[in-house]
Every structure is written in structure tokens, then in C-alpha cells.
Asker: 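Can you keep this structure in mind? I'll have questions shortly.
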Amino acid sequence: MPPYNLNSENDFTPNELSKHSMPKFGKILFIIIFTTIGVISLSFGIVYLMKYLNEQTTKPEQTMQETKQFKKINLQPTLDRWLSSQVSKKNSSILIYDLNNQEIIARNNDFSQNNSLGLENLFLAYQIYTKIAQGAIKKEKLITVDTEQISIDNCLSKILQENHSGCATSLVSEIGENSFKQFLKDQSYTNTNFTSHLTNTTDLLSLSKRLSTHPDFSEQLWQEFKTKLIPQNNNKNPLLTGFSKLTVYGLYGAQTNDTTNANLSYPLFNNLYFLETKQEDPKDRQTFVLIFLASDIDAASLIDLAKTIESTILE
């Protein structure tokens with residue numbers, strides 16, 4: 001057998017072997033570096049993409065907030081001038097609230113509990129509409145009012161537009177007196193006594209703000225509710241006759257078909273109105289809540305008060 005040839009072409013010295021292995025090592029090193037760069041780039045790309053998507057999500061909200069700027073109005077000087085012409089400031093409990101800017105812009109004696117004849121029906125109507133939304137009662141259902149059969153929907157119109165005591169009593173019976181009392185308690189209307197016709201501006205404002213957002217029933221039901229709040233006869237209310245350029249809806253509590261309360265020895269002027277500007281786009285309209293509980297005041301001066309409130313809002 002021929003001797004093994006250590007110098008054959010297929011054999012390499014250790015030095016030559018290392019030279020031949022270098023290209024493979026270089027490739028592996030290149031792959032490692034390239035992969036590392038790729039992973040880092042991908043990580044930066046994901047971070048940038050998430051940041052970009054987050055900015056796109058928040059931008060519309062920021063834009064919307066920027067475009068929802070409503071002018072600030074201070075009606076306190078207007079109210080103070082009117083009060084100076086009255087016999088006593090204590091005869092009226094007044095509060096004016098800017099719903100858009102969420103601030104009280106005028107007030108007088110607004111913490112005391114007052115006669116709220118008629119206005120307390122707003123609490124009852126809200127509870128009825130909540131029950132309708134829940135499917136607990138039907139608007140078309142007929143209920144007995146004295147000796148007459150009247151639908152719940154018709155009774156709602158009567159208590160909001162005529163202060164119909166018979167319908168109010170029947171509606172309370174329909175939902176249950178205890179249920180209604182629990183509703184007033186749950187909503188923290190602690191200053192409101194429905195049967196005694198007592199409330200204050202704090203409770204009425206709280207209810208007004210809840211009405212404006214109506215979380216307990218749909219927009220459709222709110223529009224039906226709102227339609228029933230449109231004044232039917234402006235001439236009956238001296239305060240209401242002073243508004244001519246604002247959209248006005250709400251309640252006037254001095255109207256009553258109840259002879260027990262109709263023969264009061266002093267006049268009552270209980271009002272709760274939403275005053276709304278008339279821009280074409282509803283989003284541009286500014287809305288105010290006027291709560292006015294008063295007795296034994298100069299009725300004629302209410303027209304002047306309404307006119308000055310309106311002109312200050314629109315100037």
C-alpha cells in the first residue's frame with residue numbers, strides 16, 4: 001500500500017484551513033448584523049406607527065374641543081339692576097345657568113325652598129318618560145282622571161302645559177307614589193316636596209341639566225318631551241312675552257286648574273325656561289336655563305327683565 005501523502009492537494013495545513021473557513025464566518029457575521037439591524041428598525045417602526053395612530057385618534061377630539069368655544073356672558077349686573085327696582089329681593093329666587101359653559105351667570109336668593117306650583121310636574125314627567133323608555137309603561141295606555149279616560153301621553157301634555165292636577169295625581173298613582181319618592185331620593189332632589197309644591201333652584205337646575213343630556217331615555221323621547229314644553233300661549237306669562245329672538249321652551253307654574261291653589265292671596269310667577277339661540281346648526285346654539293320662582297312682585301317689570309336678558313345674550 002503506498003504511503004499516505006501529507007502534501008496532497010486535498011489536504012490543508014491548519015493555517016490554510018482557517019483561510020478557507022473565513023468566507024463562511026463572514027457570511028454568518030453579516031447575517032447576524034443584518035438581522036439585528038432589521039429587528040431594531042422594526043421595533044422603531046412599530047413604536048412610530050403606534051405613536052402616529054394614537055395622534056390620529058386624539059386629534060379629532062382636540063379639534064372638536066377647540067371649535068366648541070362659546071362666549072362667556074355675565075347676567076348678574078342685569079339681574080341686579082332689575083332687583084333694585086323691586087320691593088324686596090327676598091320675594092324672588094332666581095338662577096340663570098349657561099349650559100354650554102357649565103356655569104351660573106346670575107343668581108339671587110337661590111338656596112331657599114320656595115313654592116313651586118306647576119314646576120314640580122317636570123320631575124314627574126321625567127320619571128314617566130324614564131318608565132316609558134324602560135318599557136314599564138306605554139304612552140297609549142288609558143288612565144282614569146276623575147271620571148274621564150285619558151292616555152298617559154295626553155296627561156303628560158296636560159301637566160306640562162296646563163298644570164292639570166287631576167292628571168298629575170293619576171300619573172303618580174300609575175307609577176306608584178313610593179316609586180316616585182324613591183326617584184326623587186335617588187337623584188338627590190332633597191329640597192323637593194311634590195305634594196306640598198315646594199322645591200328650590202338647586203333641585204330644578206340639577207333636573208334641567210339632566211334633561212339636557214337625558215341619559216335615561218332616547219333622543220326621540222326627549223324631542224317629544226321638548227315639544228310638550230313649547231309655550232302654548234305667551235300672553236299668559238308676563239316674563240315670557242319679553243322674549244322675541246330666542247327659542248324658549250319650559251314651564252310656567254302660575255297656570256292652574258286646581259281651585260284650591262287658584263285663589264291664592266298673592267300672585268305666583270314660577271318659571272323654568274330653556275333659552276336657546278337660533279343658529280342654523282344645532283351645535284352652534286348656546287342654551288341657558290332660567291329658573292325664576294317669585295311672588296308678590298311687579299309683574300309688568302318682568303317684561304323689561306326678559307328683554308334685557310335677551311339683549312345681553314345676543315349682543
Asker: On a heavy-atom basis, which atom in R285 and which in N100 lie closest, and how many Å separate them?
Answerer: O-ND2, 3.6 Å
Asker: Is there a chain of hydrophobic side chains (I, L, V, M, F, W, Y, each step under 4.5 Å between heavy atoms) that links L211 to L290?
Answerer: no
Asker: Taking the side chain as everything from C-beta on, heavy atoms only, tell me whether Q286 gets closer than 4.5 Å to L99.
Answerer: no
Asker: So which atom in K158 and which in I150 form the shortest heavy-atom distance, rounded to 0.1 Å?
Answerer: CE-CD1, 4.2 Å
Asker: With side chains defined as the heavy atoms from C-beta onward, is the minimum distance between L293 and S92 less than 4.5 Å?
Answerer: no
Asker: Would L207 end up clustered with L198 when hydrophobic side chains under 4.5 Å apart are linked, directly or stepwise?
Answerer: no
Asker: For the residue pair D216 and Y126, confirm or rule out a side-chain donor-acceptor distance under 3.5 Å.
Answerer: yes
Asker: Would you say the side-chain atoms of S151 and N154 include a donor-acceptor pair closer than 3.5 Å?
Answerer: no
Asker: Assigning hydrophobic clusters by single linkage (Ile, Leu, Val, Met, Phe, Trp, Tyr; side-chain heavy-atom cutoff under 4.5 Å), is L305 placed with L314?
Answerer: yes
Asker: For K283, look at atom NZ and say whether over 12 heavy atoms of other residues, nucleotides or ligands are found less than 6.0 Å away.
Answerer: no
Asker: Identify the two heavy atoms, one from L119 and one from G253, that lie closest to each other, and give their separation to 0.1 Å.
Answerer: CD2-N, 4.1 Å
Asker: Taking the inter-plane angle between the rings of H214 and W222 on a 0 to 90° scale, is it parallel (under 30°), tilted (30 to 60°) or perpendicular (over 60°)?
Answerer: parallel
Asker: With a 3.5 Å cut-off and no angle check, do the side chains of Q220 and S218 form a donor-acceptor pair?
Answerer: no
Asker: Among F183, Y189, F180, F123, which residue satisfies the ring-ring contact (aromatic ring centres under 6.0 Å, His included) criterion with F194?
Answerer: F180
Asker: Indicate whether the side chain of N178 and that of Q182 have a donor and an acceptor atom separated by less than 3.5 Å.
Answerer: no
Asker: What I want to check is whether the side chains of N200 and N114 have a donor and an acceptor closer together than 3.5 Å.
Answerer: no
Asker: Looking at every heavy atom in both N270 and L117, which two are closest together, and how far apart are they?
Answerer: ND2-N, 3.1 Å
Asker: So, E103 and K72, do they make that salt bridge, N to O below 4.0 Å?
Answerer: yes
Asker: State, yes or no, whether a side-chain contact exists between L240 and V248 at a heavy-atom distance under 4.5 Å.
Answerer: yes
Asker: Linking I/L/V/M/F/W/Y whenever their side-chain heavy atoms sit closer than 4.5 Å, directly or via other members, would F243 and F269 fall into one cluster?
Answerer: yes
Asker: Counting only heavy atoms not in K228, do more than 12 fall under 6.0 Å of its NZ?
Answerer: yes
Asker: If you define the side chain from C-beta out and look only at heavy atoms, does anything of F288 sit under 4.5 Å from I73?
Answerer: yes
Asker: Got L95 and I104 here, is their nearest side-chain heavy-atom distance under 4.5 Å?
Answerer: yes
Asker: F292 and Y273: aromatic ring centres closer than 6.0 Å?
Answerer: no
Asker: Quick check: do T169 and V145 have side-chain heavy atoms less than 4.5 Å from each other?
Answerer: no
Asker: Can you confirm whether more than 12 heavy atoms, excluding those of Q149, are under 6.0 Å from its CD atom?
Answerer: yes
Asker: Could you tell me whether the side chain of D203 and the main chain of N191 form a donor-acceptor pair under 3.5 Å?
Answerer: yes
Asker: May I ask you to test the L204-T199 pair for a side-chain heavy-atom distance under 4.5 Å?
Answerer: yes
Asker: Does one side chain, of S116 or E120, offer a donor that lies under 3.5 Å from an acceptor on the other?
Answerer: yes
Asker: Within the structure provided, determine whether C155 and H164 are in side-chain contact (heavy-atom separation under 4.5 Å).
Answerer: no
Asker: Are side-chain N/O atoms of D80 and T78 paired as donor and acceptor at under 3.5 Å?
Answerer: no
Asker: Will you find, in the side chains of S93 and D110, an N or O donor that is under 3.5 Å from an N or O acceptor?
Answerer: no
Asker: When you group the ILVMFWY residues by side-chain heavy-atom contacts below 4.5 Å and let the links chain together, are L229 and L156 in the same group?
Answerer: yes
Asker: Between D98 and Q102, do the side chains contain an N or O donor and an N or O acceptor separated by less than 3.5 Å?
Answerer: no
Asker: In terms of side-chain geometry, is the basic nitrogen of E177 or K181 positioned less than 4.0 Å from the acidic oxygen of its partner?
Answerer: yes
Asker: Does the side chain of W82 pick up a donor-acceptor pair with the side chain of S301 at under 3.5 Å?
Answerer: yes
